[in-house]
Amino acid sequence: MSAVPAKLPGAVEAVLMPFLNIMVALFVSGLVVWGLGEDPFFALSLLIEGAFGYEEAIGYTFYYATNFIFTGLAVSVAFHAGHFNIGGEGQAMLGGLGLTLAVLWLGDTAPVLSIFLAIIGAAVFGAAWAFIPAWLQAKRGSHIVITTIMFNFIASAFLAYLLVGPLQRPGGQMPESSDFPDGTGLMQFHEVLEMVGIRFEQSPLNASFLIALMAAFGVWFLLTRTRFGYEMRVAGKNAHAAAFAGVSVSRVTIIALMLSGALAGMMGLNELLGEQLRLIGNFTLGYGFVGIAVAFMGRNHPLGIVLAAVLFGVLYQGGAELAFEMPNITRDLIVVIQGLVILFAGAMPHLLRKPVALLYARMARKGAV
């Protein structure tokens, strides 16, 4: 009798295992809803209806998912290199600042060029904000979690200073910048679909969703098809072995964390360049922290991260509809359901691993025969 495989195939690990754990989380959530005197099956139907039942809802679901793709990928890249980047919030704030400066600088004279520079500015500013913690980790041995979370508070204070000072809208009272010049926003997704003859209801979903998907493919290619990606994964598994093999662990640390910061910084493309069209305070709304759960739920695999991001988009959009239709299910309870999903799919990833591995081994043996 062959042994149970220690490692399941990548597709099973990234897709099937989170799916099974999510089913367990939904079952427990259904018991909670039933305990409140509501029908859990009707609640689930409302959740799905609110997320996918009409075109505008679909747009909002994938609009929220776009933010989670960027922040989930940011956490994943750092994690593959053996580091826990918890600074996605601050890096996203600085990324938003970078794209805003690019748009306000060139928006009136060259709108198309300003959009291109805004994408670069978001990535560069996010990477630059991650550089100092990365350098401290690589050269001084500082704790990456402590430094990155500290930089979240610094970024928040710095952005607040700018939005009530140098960048504040002239004559305004709110912590926000001037509106971006006309023509300097990303195309809305319904406009993209109209170009190919498909009519779709207007929603906040914009072209940054496509950029997020390209970023996910880029991360997959980096990790699995490049030498640096291999060095990252080796350093993440065993830094001492990587150093013995000739890998510069400090170089890998700095570059990986800067790539992580760049991905987090690009979250501003969706919120600012695609929807708000101005820089506002606290536009990150906790997406950087939720990205940690998205990355772990997707097993740090780009495909799993995209699917986990869509799931959280469903919980955000469908949860709002559910709270509206069922008064007993408040927004706080929706947060509890999100927490249960994180618990079973993120914090308890091995809950069903053994039976699935046994089943996979049995199927593999039959296939071999």
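Model, not experiment: these values are computed from the prediction. Side-chain atoms are counted along with the backbone in the values below, which use heavy atoms only and exclude waters and symmetry mates.
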Give a yes or no on whether the backbone of Gly288 and the side-chain of Thr71 come within a donor-acceptor separation of less than 3.5 Å. no

Can you tell if the side chain of Val24 reaches within under 4.5 Å of the side chain of Phe27, non-hydrogen atoms only? no

Would you say the side chains of Asn67 and Glu271 form a donor-acceptor pair under 3.5 Å? yes

Between Asn328 and Glu38, do the side chains contain an N or O donor and an N or O acceptor separated by less than 3.5 Å? yes

Could you go through Leu36 and Leu333, starting from their C-alpha distance and side-chain angles, then the distance that decides it, and tell me whether this counts as side chain to side chain contact (heavy atoms under 4.5 Å, CB included)? CA-CA 11 Å; Leu36 293 174; Leu333 185 59; 3.2 Å; yes

Grab the two heavy atoms, one from Ala57 and one from Phe52, that are nearest each other, plus how far apart they are. CB-N, 4.5 Å

Which heavy atom in Ala235 sits nearest to a heavy atom in Ala242, and how many Å separate them? CA-CB, 3.8 Å

Could you give me the CA-CA distance, side-chain angles and deciding distance for Arg225 and Trp220, then say whether side chain to side chain contact (heavy atoms under 4.5 Å, CB included) is met? CA-CA 8 Å; Arg225 296 294 185 271; Trp220 171 82; 3.8 Å; yes

Counting N and O atoms only, with roles assigned by atom type, does the side chain of Ser114 sit under 3.5 Å from a partner on the main chain of Pro111, one being a donor and the other an acceptor? yes

Search all heavy atoms of Asn300 against all heavy atoms of His80 and return the closest pair with its distance. O-NE2, 2.8 Å

Can you see which heavy atom on Glu56 is nearest to which on Ser203, and at what distance? O-CB, 4.0 Å

Without hydrogens or angle criteria, can the side chains of His83 and Thr253 be said to hold a donor-acceptor pair below 3.5 Å? yes

Using the side-chain contact (heavy atoms from CB on, under 4.5 Å) rule, pick out the option among Leu186, Thr66, Val192, Leu269 that qualifies with Asn206. Leu186

Is there a donor-acceptor pair under 3.5 Å between the side chain of Trp129 and the backbone N or O of Phe151? yes

Distance-only, no hydrogens or angles: does the Glu55 side chain make a donor-acceptor pair with backbone N or O of Glu201 under 3.5 Å? yes

Parallel, tilted or perpendicular: which fits the ring planes of Tyr316 and Tyr64, with parallel below 30° and perpendicular above 60°? tilted

With side chains defined as the heavy atoms from C-beta onward, is the minimum distance between Ile337 and Leu47 less than 4.5 Å? no

Just wondering, do Phe41 and Val33 contact through their side chains at under 4.5 Å, heavy atoms? no

Working for ring pair (Phe, Tyr, Trp, His ring centres under 6.0 Å), residues Phe189 and Phe62: CA-CA 10 Å; Phe189 207 75; Phe62 285 96; 8.4 Å; no

Spell out, as yes or no, whether a donor-acceptor pair under 3.5 Å connects the side chain of Asn152 to the backbone of Ile86. yes

Distance-minimising heavy-atom pair for Ser177 and Leu163: N-CD2, 3.7 Å

Taking atom CZ as the centre, does Phe209 end up with more than 12 heavy-atom neighbours from other residues, nucleotides or ligands that are less than 6.0 angstrom away? yes

May I ask you to decide if Ile144's main-chain N or O and Thr148's side chain share a donor-acceptor pair within less than 3.5 Å? yes

Min side-chain heavy-atom separation Leu340-Val28 under 4.5 Å: yes

So do the side chains of Leu257 and Phe131 get within less than 4.5 Å of each other, counting heavy atoms only? no

Might you point out which heavy atoms bring Met258 and Ala127 nearest each other, and give the distance in Å? O-CB, 3.3 Å

Phe324, CZ atom: more than 12 neighbouring heavy atoms under 6.0 Å: no

Where the side chain of Ser76 meets the backbone of Leu73, is there a donor-acceptor pair that is under 3.5 Å apart? no

For Phe84, does the CZ atom have more than 12 heavy-atom neighbours from other residues, nucleotides or ligands under 6.0 Å away? yes

Could you check whether atom CE of Met174 has more than 12 heavy atoms from other residues, nucleotides or ligands sitting under 6.0 Å from it? no

Would you please classify the geometry between the Tyr60 ring and the Tyr63 ring as parallel, tilted or perpendicular, with 30° and 60° separating the classes? perpendicular

Polar side-chain atom of Arg299 near backbone of Met297 as donor-acceptor pair, under 3.5 Å: yes

What do the steps show when you test Val252 against Val247 for side chain to side chain contact (heavy atoms under 4.5 Å, CB included), and what is the final call? CA-CA 8 Å; Val252 168; Val247 175; 3.8 Å; yes

Taking the side chain from Thr284 and the backbone from Glu89, do they hold a donor-acceptor pair closer than 3.5 Å? no

Looking at Gly229, is its backbone amide N or carbonyl O close enough to the side chain of Thr226 to form a donor-acceptor pair, meaning the two atoms are under 3.5 Å apart? yes

